[in-house]
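Reading through the structure tokens given below for one structure.
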Amino acid sequence: MDVSAAPKTNVKTTNGMIQPGTFRVVAGPCTVESYDQFYASAKAVKEAGFEYVRGGAFKPRTSPYSFQGLGEEGLEILSEVSSELGLKVVTEVMDPYDIEVVMEHAQVIQIGARNMQNFSLLKRIGAAIAGTDHGAVLKRGLAASVDEWLLAAEYITSEGGDNVVLCERGIRTFETATRFTLDLSAVIVAKRLTDLPVIVDPSHAAGRRDLVIPLSKASVAAEADGLIVESHHEPQEALCDAEQALPIEALMGMRETLQPFATAMGREVI
Ligand code: PEP
Ligand code: MN
């Protein structure tokens, strides 16, 4: 398909996640593990000056024997902690059956890389968020081209769910030094082909915490509208994606570290 033919989609930013002139940082643990773990990790996100927290209750794990998330109990923890701390929540939905309950507990629905082409899920999410203040973050599939990614987004927008944010999270290549390969050119290309905002997930792309800040700086320069990063109050103890979780100290310095790059791009880190 000729991607240049893809229509530009006008985005409404009613949930405030992406605002003009800003660079949004969403941070938090890969997975909600317990009330205490999520509270400690979310408190650090708040203290670092950020307004959006992430955390998975339904986890798409490669192995069926890995921890699958706390499900509805995890959603309760997400909304309890976020309302206590005054944060907004981004969390993943894997099953159309769970869309309604997730929307009761979270403002932004994440569609994971492994579900990017789950068209019935995309359509149902589009219909569910249409006319609401909820938004959706659509991760790029591990082996999806930019045009496939943009067309997947249109399964959501064509149902009326126009509050969609694209997320580049690394693609499969021959390279083994990183977990995936962060494709920053795709960020720039996507921004030229659509009006949808584009954010970057450097955590899943790198799979290593030492690369998360450098890749975040590069994302600002590559015209991204924000980041979604994994952070944990005790990274070594994380039940999922421990190697890529930023410790609290790194999170605390992140705003200050990124602001000079954002200033060069005419944006404020929020
Ligand atoms: C996640 O955000 O924890 C996740 C599983 O991401 P992805 O779908 O990009 O692998
Ligand atoms: Mn993860």
Side-chain angles (χ1 to χ4, degrees), residues 15 17 24-46 50-116 118 120-122 124-129 132-139 156 161 163-165 167 169 199 201 203-204 227-235 237-242 244-246 251:
N15 72 358
M17 182 163 147
R24 170 69 70 193
V25 178
V26 180
C30 179
T31 308
V32 180
E33 300 166 18
S34 67
Y35 181 91
D36 290 347
Q37 170 262 2
F38 188 69
Y39 185 87
S41 298
K43 193 159 177 284
V45 172
K46 176 83 182 180
F50 302 129
E51 295 167 24
Y52 278 72
V53 67
R54 59 151 291 148
F58 300 100
K59 294 304 302 177
R61 303 305 302 277
T62 299
S63 164
Y65 309 112
S66 303
F67 177 52
Q68 306 285 309
L70 294 178
E72 289 198 27
E73 187 193 342
L75 294 179
E76 302 277 352
I77 294 172
L78 280 168
S79 58
E80 228 174 285
V81 169
S82 62
S83 52
E84 198 168 322
L85 295 172
L87 292 166
K88 290 190 172 140
V89 172
V90 180
T91 197
E92 178 160 356
V93 170
M94 292 169 56
D95 189 324
Y97 181 81
D98 298 316
I99 296 170
E100 208 175 310
V101 66
V102 166
M103 285 174 67
E104 285 168 23
H105 295 280
Q107 289 70 41
V108 181
I109 299 176
Q110 177 175 315
I111 299 135
R114 290 157 190 82
N115 268 321
M116 189 202 84
N118 183 340
S120 55
L121 179 67
L122 300 177
R124 280 174 189 250
I125 289 174
I129 66 171
T132 73
D133 283 347
H134 286 74
V137 168
L138 179 65
K139 296 273 197 106
I156 309 173
N163 200 348
V164 178
V165 177
C167 178
R169 47 78 71 211
I199 63 172
D201 173 349
S203 306
H204 289 88
L227 298 171
I228 183 162
V229 296
E230 290 191 341
S231 59
H232 196 285
H233 75 301
E234 285 174 335
E237 306 301 319
L239 288 182
C240 182
D241 290 347
Q244 67 198 35
L246 283 180
L251 192 63

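No experiment lies behind these values; they were computed from the predicted model shown.
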side-chain contact (heavy atoms from CB on, under 4.5 Å) between Thr62 and Arg114, worked out: CA-CA 10 Å; Thr62 299; Arg114 290 157 190 82; 4.1 Å; yes
Test item: Arg24 and Glu51 side chains (from C-beta on) under 4.5 Å apart, heavy atoms: yes
Ser82 side-chain N/O to Lys88 backbone N/O, donor-acceptor pair under 3.5 Å: no
Nearest atoms (heavy-atom pairs only) where Val45 meets Tyr52: CG1-O, 3.7 Å
Side-chain (Ser41) to main-chain (His233) donor-acceptor, under 3.5 angstrom: yes
From NZ (Lys46) to CD (Glu84), nearest 0.5 Å: 11.5 Å
Smallest separation among heavy atoms of Asp201 and Cys167, with atom names: CB-SG, 3.7 Å
Distance-only side-chain donor-acceptor flag, Asp241 / His204, under 3.5 Å: yes
Distance in Å, Gln68 CD paired with Arg61 CZ, rounded so as to fall on 0.5 Å steps: 7.0 Å
Heavy-atom side-chain proximity of Phe58 to Leu75 below 4.5 angstrom: yes
Ile109 and Ile125, any side-chain heavy atoms less than 4.5 Å apart: yes
From OH (Tyr39) to CG (Leu85), nearest 0.5 Å: 4.5 Å
Check: Met103 and Val93 side chains under 4.5 Å, non-hydrogen atoms: no
Worked check of side-chain contact (heavy atoms from CB on, under 4.5 Å) between Leu239 and Thr31: CA-CA 8 Å; Leu239 288 182; Thr31 308; 5.7 Å; no
Working for side-chain contact (heavy atoms from CB on, under 4.5 Å), residues Gln107 and Asp133: CA-CA 7 Å; Gln107 289 70 41; Asp133 283 347; over 6 Å; no
Lys139 and Glu92: CA distance, side-chain angles, deciding distance, side-chain contact (heavy atoms from CB on, under 4.5 Å) verdict: CA-CA 10 Å; Lys139 296 273 197 106; Glu92 178 160 356; over 6 Å; no
Backbone N/O of Pro29 and side chain of Arg54: donor-acceptor pair under 3.5 Å: yes
Value rounded to 0.5 Å, distance of NE2 in His134 from CE in Met17: 13.0 Å
Within-4.5 Å side-chain heavy-atom neighbours: Lys59 and Cys30: yes
Which atom of Ala42 lies closest to which atom of Val81, heavy atoms considered: CB-CG1, 3.7 Å
Any Glu33 side-chain heavy atom under 4.5 Å of His232 side chain: yes
Non-hydrogen atoms of Ala113 and Arg169 that approach each other most closely: CB-NE, 3.4 Å
Met94 CE to Ile111 CD1 distance, which is reported to the nearest 0.5 Å: 13.0 Å
Non-hydrogen atoms of Ile99 and Ala128 that approach each other most closely: CG2-CB, 3.6 Å
Closest non-hydrogen atom pair, Asn163 against Ile129: O-CD1, 4.1 Å
Close side-chain approach of Leu122 and Ser120, heavy atoms under 4.5 Å: no
Val137 vs Ile228 side-chain heavy atoms within contact, under 4.5 Å: no
Atom pair CZ (Arg124) and CG (Asn118), whose distance is rounded to the nearest 0.5 Å: 10.0 Å
